[in-house]
Amino acid sequence: MLLCEWDAAARRVLSERFPGIPLHGDVVQVETLPEADLVTAGFPCQDLSQAGRTVGITGSRSGLVGHVFRLLDGAEVEPTWLLLENVSFMLQLERGEAMRWLTAELDKRGYTWAYRVVDTRAFGLPQRRQRVLLLASRTEDPRPVLLNQEHGEVKIIDRAGLACGFYWTEGVRGLGWAVDAVPTLKGGSTIGIPSPPAIWEPGTGTIVTPHLRDAERIQGFPADWTAPADLLPGRRRTDRWKLVGNAVSVPVARWVGERLYTSESYDATGDQSLSSGARWPRAAWGKQEERRGVDVSMWPVAYDRPHLHEFLEFEPKLLSARATAGFLSRTRRGTLRIPEDLICEAEAHLDSMTSQLSVLV
């Protein structure tokens with residue numbers, strides 16, 4: 001077994017949680033892979049994310065995935081499976097160039113591959129987090145692993161009485177709006193500060209941000225899973241938020257791991273051929289020159305979960321007056337269709353926070 005992680009805070013957590021496992025700091029410097037059944041890689045998303053720089057798969061960060069193929073090519077014993085994970089926006093960026101590049105690399109090496117976009121909400125957690133899972137093998141069929149299970153999205157028709165999550169750092173081009181869930185937890189924001197999402201409970205007149213421990217739980221970790229990062233000399237206040245935002249949701253990873261043991265076969269009868277240059281669907285598979293889209297949702301399962309306001313266990317923090325004022329300013333300049341009751345209650349929240357500051361002064 002081998003772990004590889006560049007970030008010092010993440011390495012501190014990994015060494016504490018997985019003692020005795022070899023831990024390398026830079027994939028560029030890893031020369032060979034140990035014998036393994038599975039290689040996983042969640043290569044940096046900054047060049048692929050809609051919230052990042054969107055320079056594409058050849059960017060200095062996301063381009064690190066090329067070292068995965070270098071290591072596979074040099075492995076003395078070839079791993080059975082390769083599993084890659086990244087943001088769903090990679091299917092759209094540059095008309096899907098990132099996925100075309102990845103699948104071309106897999107085709108050159110004789111892999112059969114399948115991918116599917118999955119939503120963390122399907123796995124019992126109140127977070128709308130959509131990620132691409134790309135599974136490939138030269139000896140096994142990845143299609144039944146990712147594509148056989150299908151539940152269909154559980155849609156919320158009426159948001160009355162339900163907490164809603166949104167990003168207070170947005171408001172002009174996006175909002176990250178989610179009903180009975182928080183939007184995707186992120187490691188940071190384009191303005192360089194930790195940016196936990198805001199949570200609004202309609203009718204309360206208050207807007208809060210979740211406690212870090214609840215953010216860990218929203219990713220499927222136990223509370224304080226990232227606490228070892230606090231022991232790092234020179235640590236920053238934002239380190240643990242970054243680790244939580246960069247993580248793979250635990251039950252999603254568990255689901256894939258369990259599905260790898262399936263003995264099911266795959267029926268491709270209803271799959272549609274994808275022409276060269278076609279838009280990538282939510283799910284597809286291929287080998288060599290063959291490409292087929294699959295009509296499945298982002299919800300392969302639908303685990304039970306509590307409502308967002310019931311899930312939170314730790315005292316949240318009131319969204320500051322400054323943050324609320326900035327959010328309202330951006331929404332007034334923008335053209336987004338933001339719920340009017342959110343605007344009204346954000347204004348009331350700002351008045352309340354401003355009054356409290358006046359009393360303190």
Side-chain angles (χ1 to χ4, degrees), residues 40-57 59 61-63 65 82-103 106 113-123 125-136 142 145-147 149-155 165-167 170 173-179 181-190 197 218-220 244-253 255-256 259 274 278-286 291-302:
T40 65
F43 54 101
C45 69
Q46 288 91 337
D47 298 328
L48 302 174
S49 171
Q50 193 169 16
R53 299 181 300 171
T54 63
V55 296
I57 191 66
R61 298 186 181 186
S62 297
V65 70
L82 169 65
L83 176 64
L84 302 177
E85 179 267 354
N86 218 296
V87 295
S88 59
F89 189 62
M90 69 179 290
L91 299 179
Q92 304 172 39
L93 180 62
E94 295 180 331
R95 299 183 177 181
E97 180 60 32
M99 184 59 77
R100 278 193 293 274
W101 185 86
L102 289 172
T103 55
L106 293 170
W113 51 266
Y115 77 80
R116 183 174 189 169
V117 179
V118 298
D119 190 323
T120 289
R121 290 178 298 174
F123 298 87
L125 295 173
Q127 179 187 185
R128 194 201 62 224
R129 186 183 188 91
Q130 299 169 1
R131 290 294 185 266
V132 177
L133 301 176
L134 172 61
L135 183 66
V145 177
L146 292 184
L147 305 176
Q149 287 193 333
E150 167 64 356
H151 184 280
E153 180 178 351
V154 177
K155 296 183 178 180
F166 65 95
Y167 263 108
E170 301 180 13
R173 292 180 299 174
L175 190 62
W177 180 257
V179 177
V182 296
T184 302
L185 294 175
K186 301 184 292 186
S189 70
T190 55
I218 288 172
Q219 279 284 51
V244 173
N246 285 345
V248 175
S249 302
V250 173
V252 174
W255 173 76
V256 177
R259 292 294 300 164
L274 294 176
R279 295 180 60 180
W280 293 105
R282 280 194 299 255
W285 61 268
R291 302 278 190 277
R292 291 190 177 272
V294 184
D295 184 18
V296 291
S297 74
M298 293 181 283
W299 292 56
V301 294

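Just so we're clear, the structure is a prediction, and the values are computed from it rather than from any experiment.
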Examine the side chains of Ser297 and Glu150 and answer whether a donor and an acceptor come within less than 3.5 Å of each other.
yes

Starting at [atom1] of [X], measure out to [atom2] of [Y] and round the result to the nearest 0.5 Å.
X	Y	atom1	atom2	value
Arg129	Ser249	CZ	OG	5.0 Å
Leu125	Ile218	CG	CD1	8.0 Å
Met90	Glu85	CE	CD	10.0 Å
Arg100	Leu91	CZ	CG	10.5 Å
Leu134	Trp285	CG	CH2	14.5 Å
Thr40	Leu133	OG1	CG	11.5 Å

Measure across [X] and [Y] and return the closest heavy-atom pair with its distance rounded to 0.1 Å.
X	Y	answer
Val154	Ala302	CG2-CB, 4.0 Å
Pro183	Phe166	CD-N, 3.7 Å
Ser88	Val117	CB-CG1, 4.0 Å
Pro142	Ala114	CG-N, 3.8 Å
Thr184	Arg131	CG2-NH2, 3.5 Å
Val256	Val145	O-CG1, 4.4 Å

Salt bridge (Lys or Arg N to Asp or Glu O under 4.0 Å) involving [X] - partner list, sequence neighbours excluded:
X	result
Arg121	Asp119, Glu153
Arg259	Glu264
Arg95	none

Would a 4.5 Å heavy-atom cut-off, applied to side chains only, mark Thr103 and Trp280 as touching?
yes

Heavy-atom side-chain contact between Val118 and Phe123 under 4.5 Å
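A side-chain contact exists here, since the closest heavy-atom pair is under 4.5 Å.
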
How far apart are the C-alpha atoms of Leu82 and Leu106, what are their side-chain angles, what is the distance that settles it, and do they pass the side chain to side chain contact (heavy atoms under 4.5 Å, CB included) test?
CA-CA 10 Å; Leu82 169 65; Leu106 293 170; 3.9 Å; yes

Say whether, by atom type as modelled, one donor and one acceptor occur between the side chain of Gln127 and the main chain of Leu185 under 3.5 angstrom.
yes

Within the distance-only criterion (no hydrogens, no angle test), does the side chain of Tyr115 pair as donor or acceptor with the backbone N or O of Leu146 below 3.5 angstrom?
no

